[in-house]
There are 2 protein chains.
Amino acid sequence: MTVTERPGAGHTAGVTHLRDDDLSRLDAWWRAANYLTVGQIYLMANPLLREPLRPEHIKPRLLGHWGTSPGLNMLWAHLNRTITNRDLNAIFICGPGHGGPAIVANTWLEGTYSELYPSVDRSEFGMGRLFRQFSFPGGIPSHVAAEVPGSIHEGGELGYSLMHAYGAALDNPGLLVACVIGDGEAETGPLACSWLANTFLNPVSDGAVLPILHLNGYKIANPTVLARIPEADLMSMLHGYGYHPILVSGSDPVRVHHELAYALDLALDEIAAIQSHARQGSDGQRPRWPMIVLRTPKGWTGPKVVDGVPVEGTFRAHQVPLSGVRDNPAHLAELEQWMRSYRPEELFDATGAPMGFLAPLAPRGSRRMSANPHTNGGLLLRDLVLPDIRGYAVDVPQPGVPQAEATRVLGVWLRDVIRSNPDRFRLFGPDEVNSNRLGAVFEVTDREFDARIFDGDDHLAPTGRVIEVLSEHLCQGLLEGYLLTGRHGLLTSYEAFIHVVDSMVNQHAKWLKVTRGIEWRRPVASLTYLLSSHVWRQDHNGFSHQDPGFIDHMVNKKAEITRIYLPPDTNTLLSTMDHCLRSRNYVNVVVAGKQPQPSWLNMTDAALHCRRGLGIWAWAGNDAGGVPDVVMACAGDVPTLETMAAVDLLQRYLPTLRVRVVNVVDLMRLQPETEHPHGLPDPQFDAIFTVDRPVVFAYHGYPSLIHRLTYKRRNHHNMHVRGYKEEGTTTTPFDMVMLNDLDRFRLVIDVIDRVPGLGVTAAGLRQYMTDARQRARDHTRAYGQDAPDITDWTWPGRA
Amino acid sequence: MTVTERPGAGHTAGVTHLRDDDLSRLDAWWRAANYLTVGQIYLMANPLLREPLRPEHIKPRLLGHWGTSPGLNMLWAHLNRTITNRDLNAIFICGPGHGGPAIVANTWLEGTYSELYPSVDRSEFGMGRLFRQFSFPGGIPSHVAAEVPGSIHEGGELGYSLMHAYGAALDNPGLLVACVIGDGEAETGPLACSWLANTFLNPVSDGAVLPILHLNGYKIANPTVLARIPEADLMSMLHGYGYHPILVSGSDPVRVHHELAYALDLALDEIAAIQSHARQGSDGQRPRWPMIVLRTPKGWTGPKVVDGVPVEGTFRAHQVPLSGVRDNPAHLAELEQWMRSYRPEELFDATGAPMGFLAPLAPRGSRRMSANPHTNGGLLLRDLVLPDIRGYAVDVPQPGVPQAEATRVLGVWLRDVIRSNPDRFRLFGPDEVNSNRLGAVFEVTDREFDARIFDGDDHLAPTGRVIEVLSEHLCQGLLEGYLLTGRHGLLTSYEAFIHVVDSMVNQHAKWLKVTRGIEWRRPVASLTYLLSSHVWRQDHNGFSHQDPGFIDHMVNKKAEITRIYLPPDTNTLLSTMDHCLRSRNYVNVVVAGKQPQPSWLNMTDAALHCRRGLGIWAWAGNDAGGVPDVVMACAGDVPTLETMAAVDLLQRYLPTLRVRVVNVVDLMRLQPETEHPHGLPDPQFDAIFTVDRPVVFAYHGYPSLIHRLTYKRRNHHNMHVRGYKEEGTTTTPFDMVMLNDLDRFRLVIDVIDRVPGLGVTAAGLRQYMTDARQRARDHTRAYGQDAPDITDWTWPGRA
Ligand SMILES: Cc1ncc(C[n+]2csc(CCOP(=O)(O)OP(=O)(O)O)c2C)c(N)n1
Ligand SMILES: Cc1ncc(C[n+]2csc(CCOP(=O)(O)OP(=O)(O)O)c2C)c(N)n1
Ligand SMILES: [Mg+2]
Ligand SMILES: [Mg+2]
């Protein structure tokens, strides 16, 4: 046994002398999994090669990724060995999710696949189905999608494996998360920023992550960067990130078996040592977590040369190495030879089942990585204990009073959510928890941070329920991993920058959509965003910070997944958040400001309003029992404020005008019920918004969204929507709404312009409103702030 | 002078003994810039402190970021020293773009600001304006936005500085790009993946990037991770990324001046050595580029303690350290003392201009970083030489013939674009250039890769016009940097995963929008996306790879910025791309498939069709000279194919039905002209789409977008849109369109259901179509591919 230590940097694995039976079992498992992988990619009949391969055994469309698979199979086999030896509680995250057939193969070998999909049993017949269904119409996807047992990570869009792994490990002190990272994947931004997630992992209260960088050298058509920089640099980089990288490198299977067994044992020993040291009350030193660098050929054991061109160990092994199998007899023969090289007759018995001698390698029951309940988080999910929101409500003696900071009040409730759920709720954010005024949470918890902490740091500690890292990607990925393993959480971010994770939430929404159709997948807690510091209140940071488009992005997702809430005040925010944290399998987007705002509804009314999702504020309008001349609709806190101020002006200057005020909290209510489960039936919509009166709709985001949601409604042609039209800069809050024609004066003008008959009679008021806008603007230019008549306006409380 | 080498890792800067006059000039510049920074944040009058500060001199809203500014100011001063000493051609990229007032201060000191904004001259009066305008309504933004001379990087959304820097350096062998990276920013994914961009920088043909990691220890409310891991780890990490990190650390200004001068000299010597070595025909060794780690206190030289709480050197220095200045006399006094600590009387003369002795530190003319033409790329922009597309066209003897792979043909044209523009056009992609069938470009160029290259690598070389890295972020960031410095390029990506850069393109679009209002900014080349492997042809990869929502995302941007094209075939793709590469200041999104597709238009017709943006295909319909019974509209290659096949069915089975076929290339034509410059005037729209006939619209993406674009049109209630409704998996291409009800049979059913009178008479055909769908599906389940009558269908060519 040789061990090469590289001082200050990496560590080359030595060689464990595996016992012969261990070695042969590991190798047999590996060959079996490789065989099953190739079978899935190519065959639709003759799974055990009982007869010579003929073109009609071959699928007409060859879809799948071979290149990554042999490495994945080798890792799965070896992890099984250590799980069995050490009775580990482990899960597997497959960064190169395109290696779907490999993971499916292992889950079938372990029996889990057949338990969940009985028709794909461990028989020749089942193997035939297994092969045929893969990437086949009506069959299963090509990736490690939700259909695959043991998966919480599809791996289709590359980059999120390591953050999912860390998220899964949080608050699971007994869990080991093995995470394979493609060397191509490692070039992505999200993956690159994940290395330092070890800063947020506590060796006492959290589990362990074992990153395995799969340095097979290539991505699709190019070598990978990490495979081509000097190996010493790579080791130095990983060391710098706080890891102890253990390098296993080679192309001779036997040698790699020995080295990998050694490396895994070493890594697991180190993890055990770190954990027991820390758990015995250590010195709090930042641990140096082990990791593995596995440098093996891409497409290992596959065809070496095809049509005279090298394939094994090159990028050409990425997908389907032999592509002409159906028409080209030479390719067909090579495929047969390749498959037979795994010696299937030694691996599967006459019935097609895996040979009995393989069984001891597979862990039992839920110790199997394919059956670990952490990968079907809903199984482990326990409801949150949620404090009664009524205890946190703002007392609203009359509409508009008092001014309150919605998120600050929410923070107090969240503090108690955290207190009541110390093991299953976390708050994530890119360093904006305090600035979003949720600081009350720090009365009961800290920010988890496992690097150096200084005196004077603000609520920073080795453990804590809050994770703040300046990466929306990492926040999202950690939360996803946390939720998918059966816990709860909340992500708070600036509204504009949540677009950073557009593509990530796409994938999460797709995952949720698919799981709804998979019977054995149990519902998980929803992914909830609190977007504060929203478009209207980034006046100090300017245009780059002003973007309400995330709502639009989410509306394209499947209706059964997406929920969007725009609570107009503090009590409605409390009620909304209470609802969101109870929900399952959704993505909830909650947009709410942090600035002082009038409180419109007492808690009882707020709860009813949120239950309805939208409603007429009778106390604000003057159309009681009659038909209004105009409907003033609003969604969002700032638009609600401007609408109320406009209604005040209207009632003062046009007292005979009958105004109806409608506030929308749940945006999806606007859609027809055919489009969204929350959609309001047409008769109700028509009753509220009328079928023939002008509707002046003040909306938080891009106006087109309201049109999009309502274009099928009868009164749609009467809807006049104001919202953000991409006009922004550093200025005052009221200047911002004026720049986008969402201000109270403009809303009054809209009413005058839309209500038949007002044009001439209210021309004077219109002119006065125009002047009021100019005056308000001039005031900002002269004094640098909004005029007092704007900022001091309060709802007169006629009601 | 002491130099501490850390073997194998970092390097602690030694001390250059700056000459006294150099030191005092550097320090004076620094103090002047700091003074001007504080002035911008706080003052609206009394800029030179000629009288004691009074509350009315203070802005009512204190908006700005002090913490990062002293470090930026110090760096700018020292870079000026080296620029002047070495006659460097350098630009400055400010990662922490919230340090806007610091950069503005330096540009004012250099005179550039006043040259571009004459009313803000270098006088007391001008200084007053400079202070007042900052973050003031009607004034300038708080960030290093487009308004700031010398900026190509707003820095509002953090993470993109280093990729912009590398993009700027490409093909600019004489340029030095100094890039300050916030230590918070360094936690983001995009920044983390940028370190390795040095793999794509050639020391001969590209310029140099000098990364400066600004380790001020904090982000908003938290310490940064990189500041709290062991320093040796940080050095090891940066070393592993291929850099030689030079550490400058301290809080004593004089010492830091000496050390920083030393460090910059050392770094620039190393850069010079790398370049001259390489340019004299070196060994092709991967260079170890120098970089600087600057560890200085956040909010350095600001208030040490405020209200008993430490501020300098803590996160509390991030924004406005003294917040109560207007109301709290103690704060006011502290502010005055702070400002006077810079000794303004030594820095500005009686007129308010910078003292003459500062002048030698500022480089002259366009050597000033604030006036370097590379930061106003339009100044340097030269048109591309574009080969005549007619030479590349597919010959189309009759509509539908031949089948062609649009991107493959485009690749040939791009090859010649590259050949004709060897110094100013680049192609970027996340390893999909070949898979998107643009491989012809490799006949004339390679993939630039400055790490190890092996025999058998495919067109990999130390220089080349193609950059492939598995990071959509990095591709986007490099291209942005390249475009903003006056060059041209193209990004090709899978359609689904371009969402990865949603937030980045937001910021680029905002930048472009703002520059349109800045007279001195010259137009730059458009950012063009070629999205191939689109939603309909990711059938082999499955659901995670299926998402057409990027178009929707872009439609929210300002209309004058966004262009969206869906060319239906090869010749229209050529014409579209030719147009895009000539355009300026846009973001062009081109979606086009790579699979064999019928060619509908010869080059002449294709060019006319693209010029119009949409048109009636008279040869495909049978409504000549009359009013159609139905309009079959389509946008996108797959929808066009399905529409044409549906029209074929209609003409075969309902020959008396008058069908009009309309194809849309330029999606923005659908909007009213009031909404978008490309919008079709209502009379034209009404003429083409009729005002009263059903329109069955087959669209590439989410159907709601077509409704959104057309809801103001008279015939909108008659529009029936089919498109992607988020139903996907691994299956056949035709099964994909069936899953989403976009298939030819469903379109025929839609016609039957919509055209008055057909319901009863065509009931038999309707039933036949339903059966045809079922048959098509059954075929896929049985054979794993689409039925021949589907795949072999061709347009009958009745015309
Ligand atoms: C974000 C993203 N961009 C592009 C792709 C397209 N893609 C699929 S596989 C692959 C190469 C993956 O290489 P690597 O991570 O090394 O995996 P392996 O070599 O193990 O197959 C790419 C670029 C993707 N899946 N995700
Ligand atoms: C993507 C993104 N997320 C969040 C923010 C909010 N934000 C503004 S400044 C800042 C801290 C920046 O810290 P650092 O990069 O260290 O800059 P410095 O310390 O020099 O101010 C944060 C989180 C942002 N601007 N961009
Ligand atoms: Mg790889
Ligand atoms: Mg910092």
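Computed over heavy atoms, backbone and side chain alike; hydrogens, waters and symmetry mates excluded. Lettering of chains follows the sequences in order, A, B, ..., and the numbering in each one begins at 1.
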Tell me, out of [options], who's got the most heavy-atom pairs with chain A below 4.5 Å.
options                        : result
B:N434, B:T729, B:D735, B:I229 : B:I229
B:Y494, B:F449, B:Y218, B:Y724 : B:F449
B:V433, B:N556, B:D450         : B:N556
B:G138, B:A186, B:G100         : B:G138
B:D458, B:L234, B:D457         : B:D457
B:G549, B:P223, B:G542         : B:P223

Which atoms of [X] are under 4.5 Å from chain A, going by heavy atoms: the side chain, the backbone, both sets, or neither?
X      : result
B:I498 : neither
B:E675 : neither
B:V514 : side chain
B:E726 : both
B:N506 : side chain
B:T224 : backbone

Heavy-atom count check: over 12 atoms from other residues, nucleotides or ligands less than 6.0 Å from B:R452 CZ?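 No, not enclosed.
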Tell me, out of [options], who's got the most heavy-atom pairs with chain B below 4.5 Å.
options                        : value
A:E187, A:H716, A:K725         : A:E187
A:L63, A:N222, A:I220, A:T188  : A:N222
A:T314, A:L196, A:V501         : A:L196
A:D233, A:L158, A:T199         : A:D233
A:A221, A:G139, A:A192, A:S544 : A:S544
A:G97, A:G184, A:A496          : A:G184

Can you check side-chain contact (heavy atoms from CB on, under 4.5 Å) on A:M44 and B:Y783, steps first, answer last? CA-CA 9 Å; A:M44 51 192 265; B:Y783 302 99; 5.9 Å; no
I need the minimum non-hydrogen distance between [X] and [Y], along with the two atoms involved.
X      : Y      : value
B:R316 : A:G456 : NH2-O, 4.1 Å
A:G189 : B:S471 : N-OG, 4.1 Å
B:Y241 : A:Y241 : OH-OH, 2.6 Å
A:G240 : B:S236 : N-OG, 3.6 Å

Euclidean distance, [Y] [atom2] relative to [X] [atom1], rounded to 0.5 Å:
X      : Y      : atom1 : atom2 : result
B:D552 : A:H553 : CG    : NE2   : 10.0 Å
B:K557 : A:Y702 : NZ    : OH    : 4.0 Å
A:F454 : B:R228 : CZ    : CZ    : 4.5 Å
A:R132 : B:R781 : CZ    : CZ    : 11.0 Å
B:S135 : A:D539 : OG    : CG    : 10.0 Å
B:E157 : A:H545 : CD    : NE2   : 8.5 Å

side-chain contact (heavy atoms from CB on, under 4.5 Å) between B:E727 and A:K558, intermediate numbers included: CA-CA 9 Å; B:E727 290 296 335; A:K558 271 285 166 189; 2.8 Å; yes
Measuring heavy-atom distances to chain B, does [X] have an atom under 4.5 Å in its side chain, in its backbone, in both, or in neither?
X      : value
A:F550 : neither
A:K513 : side chain
A:H65  : side chain
A:P310 : neither
A:E472 : neither

So, the side chain of [X] versus the backbone of [Y]: is there a donor-acceptor pair under 3.5 Å, distance only?
X      : Y      : value
B:K219 : A:P430 : no
A:K510 : B:F543 : yes
B:S142 : A:H540 : yes
A:R61  : B:T731 : yes

Step through it carefully: locate the ring centre of A:H473, locate the ring centre of B:H473, and say whether they are under 6.0 Å apart. yes
Assess whether side-chain contact (heavy atoms from CB on, under 4.5 Å) is satisfied between A:H499 and B:M504, documenting all intermediate values. CA-CA 9 Å; A:H499 271 301; B:M504 292 186 74; over 6 Å; no
Aromatic rings B:Y711 and A:H707: how do their planes relate, parallel, tilted or perpendicular, breaks at 30° and 60°? parallel
